[in-house]
Amino acid sequence: MEIERKWMVAGWPKGLDAVAECRMRQGYFSVRPTVRLREEAWRGGPTTCMLCFKGAPQAGGLAREEIEHAVDPELFGRLERLLGLPMIQKLQRRYPLPGGLTLEVNQVDAGRPAGFWYAEVEFASLDAANAWRPPTALTGYLADEVTRLPGQSMGEYWLATRGGQG
């Protein structure tokens, strides 16, 4: 189960040091239900390829079932060709937060007219997600929460910018 909250943001957070950085490419075979293909290239680390399935949002948009399955680079390439559309480009940086949480900040399709930034925090439980408040230094940065708003998923962005299938 994936439990997360999401915010629209402007740029990287000030005053925090990233502990990890990843370049991603992702595309969607389907948005409802979600069937996503993603490549993650970690700075100083491995490159992984995943096929991901996500269920419908639950608990007011906070949670949904997620199944990720690793695929080898050859199969990834074959699946990418089946998409027939350019992949979404993302740069993600991760920042440690109090309580062992991580702020994931993503720059999406840099340089494209529709490009944007968003941040997420994943939680171990619904109670933890509902109770969490951003640290004082991040309250302005994380002011535009879109967790419960429809149309804020990367799948919806795929449909709007790539014309992929729903």
Side-chain angles (χ1 to χ4, degrees), residues 1-13 16 18 20-43 47-71 75-95 97 101-123 129 132 134 138 140-166:
M1 183 70 65
E2 175 186 62
I3 303 169
E4 65 187 11
R5 289 175 56 185
K6 181 177 181 176
W7 297 262
M8 302 308 291
V9 298
W12 306 113
L16 295 179
E21 183 175 283
C22 179
R23 291 206 174 271
M24 299 181 198
R25 298 181 319 117
Q26 66 188 50
Y28 293 79
F29 290 100
S30 172
V31 172
R32 289 175 283 283
T34 298
V35 180
R36 179 188 72 208
L37 183 66
R38 178 189 280 170
E39 177 185 71
E40 299 178 348
W42 292 93
R43 178 180 287 197
T47 295
T48 58
C49 301
M50 305 293 286
L51 188 57
C52 178
F53 304 87
K54 293 186 179 193
Q58 304 169 17
L62 279 175
R64 62 182 172 168
E65 187 65 35
E66 179 180 61
I67 301 167
E68 291 185 321
H69 183 74
V71 297
L75 179 56
F76 179 90
R78 292 175 61 203
L79 291 169
E80 181 180 4
R81 286 188 292 280
L82 285 177
L83 283 175
L85 296 167
M87 301 278 264
I88 295 169
Q89 305 291 316
K90 290 172 54 173
L91 177 61
Q92 181 184 91
R93 292 182 182 164
R94 293 186 176 184
Y95 304 86
L97 295 173
L101 297 173
T102 301
L103 177 67
E104 299 174 356
V105 180
N106 298 273
Q107 181 183 25
V108 179
D109 278 343
R112 289 183 59 125
F116 67 101
W117 298 74
Y118 73 96
E120 294 178 324
V121 177
E122 292 193 19
F123 300 90
W132 189 76
L138 291 175
Y141 182 73
L142 298 178
D144 185 12
E145 185 167 3
V146 297
T147 302
R148 292 175 169 87
L149 298 178
Q152 296 297 315
S153 71
M154 287 301 302
E156 293 297 330
Y157 176 76
W158 170 263
L159 293 177
T161 61
R162 297 336 194 250
Q165 299 177 2

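Keep in mind that what you see is a predicted model, and the values were worked out from it rather than measured. Below, all heavy atoms of this structure are taken into account, side chains as well, without hydrogens, waters or symmetry copies.
With Asn106 contributing its side chain and Trp117 its backbone, the two residues share no donor-acceptor pair below 3.5 Å.
Distance check, rounded to the nearest 0.5 Å: CE of Met24 to CE of Met50 gives 11.5 Å. Summarising the geometry, atom CD belonging to Glu39 is positioned 4.5 Å from atom CZ belonging to Phe76; distances are rounded to the nearest 0.5 Å. A distance of 11.5 Å separates NZ of Lys54 from CD of Glu65, quoted to the nearest 0.5 Å. Rounding to the nearest 0.5 Å gives a distance of 10.5 Å between OH of Tyr95 and CG of Leu138. With rounding to the nearest 0.5 Å, the separation of OH in Tyr118 from CD in Gln107 is 12.0 Å. Rounding to the nearest 0.5 Å gives a distance of 4.5 Å between CD of Gln58 and CE of Met1.
Heavy-atom minimum distance, Leu83 versus Gly27: CD1-CA, 3.8 Å. Closest of all the heavy-atom pairs between Leu85 and Gly163 is CD1-C, 4.4 Å. The minimum heavy-atom distance between Thr147 and Lys6, with the atom names listed, is OG1-N, 2.8 Å. Looking at every heavy atom in both residues, Glu68 comes nearest to Cys52 through CG-SG, 3.8 Å. The heavy-atom pair separating Trp158 from Met87 by the smallest distance is CZ3-CA, 4.3 Å. Scanning all heavy atoms of the two residues, the minimum distance from Tyr28 to Ile88 falls at CE1-CD1, 4.1 Å.
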Worked verdict on Phe123 versus Leu62 for side chain to side chain contact (heavy atoms under 4.5 Å, CB included): CA-CA 10 Å; Phe123 300 90; Leu62 279 175; over 6 Å; no

The test is side chain to side chain contact (heavy atoms under 4.5 Å, CB included); show your working for Asp144 and Val9 and say whether it passes. CA-CA 7 Å; Asp144 185 12; Val9 298; over 6 Å; no

Go through Gln152 and Trp7 one step at a time and tell me if the side chain to side chain contact (heavy atoms under 4.5 Å, CB included) criterion holds. CA-CA 10 Å; Gln152 296 297 315; Trp7 297 262; over 6 Å; no

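Applying the salt bridge (charged side-chain N to carboxylate O under 4.0 Å, His left out) test between Glu40 and each of Arg38, Arg36, Arg43 identifies Arg38 as the sole match.
Using a 4.5 Å heavy-atom threshold, the side chains of Leu97 and Trp132 count as touching. The shortest distance between side-chain heavy atoms of Leu103 and Leu142 falls below 4.5 Å.
In this structure, Arg112 places its CZ atom where more than 12 heavy-atom neighbours from other residues, nucleotides or ligands lie under 6.0 Å away.
A salt bridge links Arg32 with Glu156; the closest basic N to acidic carboxylate O contact falls under 4.0 Å.
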